[in-house]
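For reference, positions follow the sequence shown, starting with 1. Everything numeric here is computed off the predicted structure, so don't read it as measured data.
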Amino acid sequence: MPEKTIPLLPCQEIQPVVDFYTVLGFETTFLQKSPYAYAVLERGTIELQFFAMKGYDPKESYSGCYVLTDDVADLHTAFRAGLKAAYGRIPARGLPRIGPLKDMSYGVRQFLMTDPGGNSIRVGQPISEDPSMRPAPKGTFARALHTADLFADSKEDLPGAAKIIDRALGLTDERPTPEQEVRLLVLRGDIAQRLGDDTLAESLLARAAGVQLSDAERESTRDALARLAELRA
């Protein structure tokens, strides 16, 4: 049998975690309530194991894992559909939540999902033969997007990402390209919404929607435009 790594992830209570992954299409293959709560959840070749901890605070969690797949788009679609069916909406903030699908600078197309236990599950598909971190772009706005993306969707430091974008958008001696402006505004609006500032989010997303784009520019920003439509819905 080839070696296999299985993440063991903490949670406050087992049942909410089991319920969450069930709506994502996972099967509970083992469930133990005593002498301590433990569960094994599987979906195809993905296996996650969970244990309950007394006094554990999901909001303070730093645990998680990375799931590599060859069809990240299908998983993202399936997970979103399951969450919408279960919650009546697609949760984008708080616990649980799921983020947008996007290309990252380190050669993967990925999305982030956080379960009720506070565990961050990154699901990604390689889109480059070179998985190493790319150098930060030299252009002001390209560099801001690069770094803000890493802060928001890898480090999950939303205030840090917001500061980077606000600094870039506040420049008066340089202007971003239309594609860069849309991506910056959508990411900043997404962050504002996730931080609970709906008024700011609405203003930023309206600005993004008002940017004039050519057909080629719309194609190059298709992920940002899809996220814009979702956030404004």
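Hydrophobic clustering (ILVMFWY, side-chain heavy atoms < 4.5 Å, transitive): V23 and F111 are in one cluster. Taken together through direct or relayed side-chain contacts under 4.5 Å among Ile, Leu, Val, Met, Phe, Trp and Tyr, I164 and L171 form parts of separate hydrophobic clusters. In the hydrophobic cluster analysis, where Ile, Leu, Val, Met, Phe, Trp and Tyr join through side-chain heavy atoms closer than 4.5 angstrom, Y36 is grouped together with V40. Residue V18 is grouped with residue M113 when hydrophobic side chains (ILVMFWY) are merged at heavy-atom distances under 4.5 angstrom, including chains of intermediate members. Neither L225 nor L101 shares a network with the other; the hydrophobic side chains, linked directly or stepwise wherever heavy atoms of I, L, V, M, F, W or Y lie under 4.5 Å apart, form separate groups for each.
Closest heavy-atom contact between V17 and C11: CG2-CB, 3.7 Å. The shortest heavy-atom contact between Q180 and A142 is NE2-N, 3.7 Å. Here the shortest heavy-atom pairing between G189 and A201 reads O-CB, 3.5 Å. Heavy atoms only, all atoms of each residue included: L83 and L24 are closest at CG-CD2, 3.8 Å. Of all heavy-atom pairs between S61 and G117, the closest is CB-O, 4.0 Å. Nearest approach of V72 to V123, heavy atoms of both residues: CG2-O, 3.5 Å.
The 12-atom threshold is exceeded at OH of Y87, counting heavy atoms of other residues, nucleotides or ligands nearer than 6.0 Å. No more than 12 heavy atoms of other residues, nucleotides or ligands sit less than 6.0 Å from atom NZ of K59. The environment of CG in D71 is crowded: more than 12 heavy-atom neighbours from other residues, nucleotides or ligands sit within 6.0 Å. Heavy atoms from other residues, nucleotides or ligands lying under 6.0 Å from CG of D215 number 12 at most.
Note: R194 CZ to L158 CG = 4.5 Å, rounded to the nearest 0.5 Å. Note that the OG1 atom of T221 and the CG atom of L228 stand 9.5 Å from one another [nearest 0.5 Å]. Atoms CD and CG, on Q193 and L204 in that order, are 11.0 Å from each other to the nearest 0.5 Å. Between the CG atom of D153 and the NZ atom of K155 there is a distance of 13.5 Å, given to the nearest 0.5 Å. Taking CG from L169 and CD from E181, the interatomic distance works out to 7.5 Å, rounded to the nearest 0.5 Å. Separation of atoms CD (E219) and CG (L213) is listed at 12.0 Å; rounding is to 0.5 Å.
Proximity of R93 to D190: side-chain heavy atoms (C-beta onward) are nowhere separated by under 4.5 Å. Side-chain contact check for R43 versus L48: every heavy-atom pair is 4.5 Å or farther apart. Residues R188 and L200 are in side-chain contact: their nearest non-hydrogen atoms beyond the backbone lie under 4.5 Å apart. The closest side-chain heavy-atom distance from K84 to R80 is not below 4.5 Å. Counting heavy atoms from C-beta outward, K4 and P2 have side chains that stay 4.5 Å or more apart.
Salt bridge annotation for R109-D103: present, with a cationic side-chain nitrogen under 4.0 angstrom from a carboxylate oxygen. R232 has no carboxylate O lying under 4.0 Å from a charged side-chain N of E202, or vice versa, which leaves the two without a salt bridge. Contact check on R218 versus E179 returns no salt bridge, with no Lys/Arg side-chain nitrogen under 4.0 Å from an Asp/Glu carboxylate oxygen. Look at D149 and R183 and you find a salt bridge, because one of the NZ, NE, NH1 or NH2 atoms lies within 4.0 Å of a carboxylate O, short of that distance. Using a 4.0 Å cut-off between charged nitrogen and carboxylate oxygen, D157 and K163 do not count as a salt-bridge pair. Ion pairing between a basic and an acidic side chain is recognised when a charged N comes within 4.0 Å of a carboxylate O; E13 and K33 show no such pairing.
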Subject >> Worked check of side chain to side chain donor-acceptor pair (under 3.5 Å) between T140 and E174 >> reply: CA-CA 8 Å; T140 300; E174 290 186 77; 2.9 Å; yes
Subject >> From CA spacing to verdict: side-chain contact (heavy atoms from CB on, under 4.5 Å), Q12, D57 >> reply: CA-CA 7 Å; Q12 189 176 70; D57 185 355; 5.5 Å; no
Subject >> Stepwise side-chain contact (heavy atoms from CB on, under 4.5 Å) check, E47 with L41 >> reply: CA-CA 6 Å; E47 180 175 342; L41 298 159; over 6 Å; no
**OP:** Would you check, one step at a time, whether the test salt bridge (Lys or Arg N to Asp or Glu O under 4.0 Å) holds for R97 with E156?
**Re:** CA-CA 13 Å; R97 62 180 181 269; E156 294 192 271; 3.5 Å; yes
Original post:
Run the side-chain contact (heavy atoms from CB on, under 4.5 Å) check on N119 and T114 step by step: do they pass?
Top reply: CA-CA 5 Å; N119 301 295; T114 305; 6.0 Å; no
Original post:
For T147 and F151, what are the C-alpha separation, side-chain angles and deciding distance, and is it a side-chain contact (heavy atoms from CB on, under 4.5 Å)?
Top reply: CA-CA 6 Å; T147 308; F151 270 59; 3.8 Å; yes
**OP:** Determine, step by step, whether Y62 and S120 satisfy the side chain to side chain donor-acceptor pair (under 3.5 Å) criterion, reporting the C-alpha distance in whole Å, the side-chain angles of both residues, the deciding distance to 0.1 Å, and the verdict.
**Re:** CA-CA 8 Å; Y62 290 95; S120 179; over 6 Å; no
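A side-chain donor-acceptor contact under 3.5 Å links Q110 and Y66.
In this structure, the side chain of H146 does not engage the main chain of F141 through any donor-acceptor pair within 3.5 Å. E230 places no side-chain N or O within 3.5 Å of a backbone atom of R227 that could act as its donor or acceptor partner.
With respect to F50, the ring-ring contact (aromatic ring centres under 6.0 Å, His included) criterion is satisfied by exactly one of Y21, Y38, F20: Y21.
With sequence neighbours excluded, the residues forming a side-chain hydrogen bond (donor to acceptor under 3.5 Å, both in side chains) with Q15 are D19, listed by chain and number.
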